[in-house]
Amino acid sequence: MSAGPYNYSYIFKYIIIGDMGVGKSCLLHQFTEKKFMSDCPHTIGVEFGTRIIEVAGQKIKLQIWDTAGQERFRAVTRSYYRGAAGALMVYDITRRSTYNHLSSWLTDTRNLTNPSTVIFLIGNKCDLEGQRDVTYEEAKQFADENGLMFVEASAKTGQNVEEAFLETARKIYQSIQDGRLDLNAAESGVQHKPSQPGRNTLSNDQQFNKDNCAC
Amino acid sequence: MRELPEKENVLSKRLNKLLETRVENDHDTLEALKELSTFYCDNSLQARRNLRSQIEKRSLQINENFLSEFREVKESFDSIYNDIADMSKSLEDMTLRLQNAKRQTKHLLEQTSSYENEIAKNEMQQKVATAFLNKFILTHEELVALHGNKQKRDLVITPEIFVVLDKVQRIHNDCKTLMQSGYQTLALDVMEQMTLHQEGALERLYHWTQNHCRNVENLTDLLTQAMCRLQDRPVLFKYVIDEYCISRRAVLVGEFIDALTRGGPSGNPAPIEMRAHDPHVYVTDILVWLNKAIPIENQNLHLLVSLCNKEDKYELLTNAMASICEGICHPLKIRIDKILNASTQSSSLYAITNLIRYYKKSIGKVSEGGLLALTLSELQEKSEQIFLIALQQQVSNCLVRVETPPRDLSPTPAINHLLSVMRDMLSTASMSEGRETDMGKIVQCVLDPLLRAVNEQSSRLPPTDMAVYMLNCMYAMQTCLSLYEFMDDKLERLQAQSDAQLDTLTSEQASSLVANLNLGPIYTILQDHAHAPLSGIPGMEPGNLRNFLSKLDMLVSLPDSMLLQQIHLLSSSKHKKSVQKRAFDVLLAIYKQLYEGVYDANNLYENPASILPRTPSELMKMLS
Ligand SMILES: Nc1nc2c(ncn2[C@@H]2O[C@H](COP(=O)(O)OP(=O)(O)O)[C@@H](O)[C@H]2O)c(=O)[nH]1
Ligand SMILES: [Mg+2]
């Protein structure tokens, strides 16, 4: 990794999940490049993006994994849940099916991530109001019921994109301040820079895959 | 003697006197006697009686003679008198005339002196005129130097022309002084004349220069001076430069084509096109040739205007060089285009790109702007584009088939091949001019598709294999990229991706370890047990624990034995150690919990030391 002096104090790891075509890659691109990429190729496995933001006067580097929504890459993308401090769960407000699959995505996320992982629900493509298939209220209710943060956003216009990423970061930062998030845990998805050189100090809970565990 | 009376006395006295008189001493008497002797010849009475009369007669005769003589004298005097009177008259006349003449002479003198003054003045004027002529009018020789010999119509220029031109200029300048001194008409005349001379001479110089400018190497002195003179006539100057450029342009193109198709004299060096089959050598030769020829052109051009000090000299030279180089653009473009379109090898295209870049910069130092710079820029851009397209093509050709990872989970041949392609290319790029951009583009061209391919390949593998395969691929990529600068972003991504896989692998390994040691149920009981003593819970009996311990002993004696088989396939020993250590850490944490439980009196184990003789730290040492 970068050998130069770190100009940020933390690294937060994010993962973006949701059905194929909901606009995950576009959201990431909009956030990192401030541009809409209309002809975005299908994501193969995972893509990666970074951006340095500021929360409460602290520089924080976001390392964001954009995952492929396709089922065949599920095994590949699973690896990236584990270390995520934030999960952006995206559906497409013009396609109800993508909304309907949220509970399955949520289950996956809960199983594979830390309890402290901040999950943020994004209803994307809110610029396509005319084709709306999922009401704001309905999704808002779903979010509230599951304790998720929620906005409707548009990767195309950029509306609420920053907010979603930054709000997630603020929530994670809050958890660190409250001590709810153990920085030393490998799966916290947060690294302290530069004092914390690596991730060798591990807390042992959840260190092995519960699925494989004979219990 | 008788004495006589008085009378006698007188007589005696007289006689005495007579006697006393010494006749011989009396000159007069002697003369008279002498005279008398001439005519008194006979002393006779007669004669004595007649003497008197004779004397008288003689006296008369003498008087008569005298008279007649005198008359003659008188007459002479009269004549003299007349003469003198005449003379006087003529003198008077003369005086009159003299006076006249005198009067006339005065006038004459006045005239003379006025003439003399005039002469002096004229002499002065003549001097001035000569000086003027020397100073303001050109000699015949000078005119010849300026305008050449009209009869011979010879076009040869001698260095004198510059001396005379200087003089003409000086005269022209002096005319200003002349003008200030009041000779305006004259000054203007001379000035006009000088201007005509100057124009004429410059015109002649211009024709000559235009005809000879291409020989600047041989006619350096005359040409550079001529150019220096002509620089004050921007139009003529520009014409000469244009002429020069046109002729040099043609020569340069000719030489270029010759170098390409004919080679040097008697084929040495060989024509460049002989090696057209090797794109790299071919393009190198072409560009090297240009890089040698163009500076020479530049040198000669600089030589031509070396004495000029025009303000816009730099711009002029720039434009002239651009103009000289215009001709070679087309043949150059055709040839390089052909090479670019024919070559498919990305590495050779990249080498060509770098060649063009290097020589574009090198040539640009000598000839900036113009068609050549534009052509080279276009060629550079085109070659960059074609290179990247070729590279993309090469990558996608390599990855078109999704390979199944080999059994040893090492990167597939295609992945390895592309990595080595990338490494070679980065090695070259890291030494090139715009290396940061280049390296970024190359890596983007290769690495992104490579990562996608690895994801695609991995998606078909079981989780543990997938993690190991990915780690091996990431490791290979990291190893490759870490050799170069500007790779931080990519390395960060690879590191993050590796970290995720290491987490997965650690989790797999820990699970397997726990399962192999039969630690699963124990761990669950330890997590969940309430207040009941542990020793009473089924599965936590000392006997059962010993079963775990014997397996643990096996692990301690052979720490590798319980590693997942795939862990051994990790190419990075660091990865392997990390997974192993982190898996052991999980084990140690559980052991520690168990140890504390067993040694806790509340759990009612008898003789805990016989059940768990090793402290957690002892176990840690053994496992590390
Ligand atoms: N109108 C609109 N189109 C979007 C928006 N976000 C993404 N898209 C389009 O939706 C398609 C899928 O986007 P992509 O980011 O590839 O989805 P992913 O599969 O979730 O990564 C693309 O054609 C995008 O142009 C949005 O906010 N508004
Ligand atoms: Mg995508």
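Just so we're on the same page: letters track the sequence lines, and every chain starts at 1. All figures in this text were calculated on a predicted structure; none of them were measured in a lab.
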So with a 6.0 Å cut-off around NZ of Lys592(B), is the heavy-atom count from everything else above 12? no
Return yes if a side-chain donor-acceptor contact under 3.5 Å exists between Ser571(B) and Asn472(B), otherwise no. yes
Against chain B, residues from residues 157-171 of chain A with at least one heavy atom under 4.5 Å, in numeric order, are none
Out of Lys490(B), Met466(B), Met470(B), Arg493(B), which one racks up the most heavy-atom pairs below 4.5 Å with chain A? Arg493(B)
Does any heavy atom of chain A fall under 4.5 Å from the side chain of Met487(B), the backbone, both, or neither of them? neither
Trp65(A): which of Tyr80(A), Tyr81(A), Phe73(A), Tyr14(A) passes ring pair (Phe, Tyr, Trp, His ring centres under 6.0 Å): Tyr80(A)
Between Gln497(B), Gln501(B), Arg460(B), who has the most heavy-atom pairs with chain A when the cutoff is under 4.5 Å? Gln497(B)
Flag if over 12 foreign heavy atoms under 6.0 Å of CD, Gln565(B): no
Give a yes-or-no answer on whether the side chains of Gln478(B) and Gln495(B) include a donor-acceptor pair shorter than 3.5 Å. yes
Regarding Tyr469(B) and Gln457(B), do their side chains bring together a donor and an acceptor under 3.5 Å, going by distance alone? yes
Less than 4.5 Å to any heavy atom of chain B: does that hold for the side chain of Thr43(A), its backbone, both, or neither? neither
Take a 6.0 Å sphere around CE of Met622(B) and say whether it holds more than 12 heavy atoms from other residues, nucleotides or ligands. yes
Looking just at side-chain N and O atoms, do Ser25(A) and Asp66(A) make a donor-acceptor pair shorter than 3.5 Å? yes
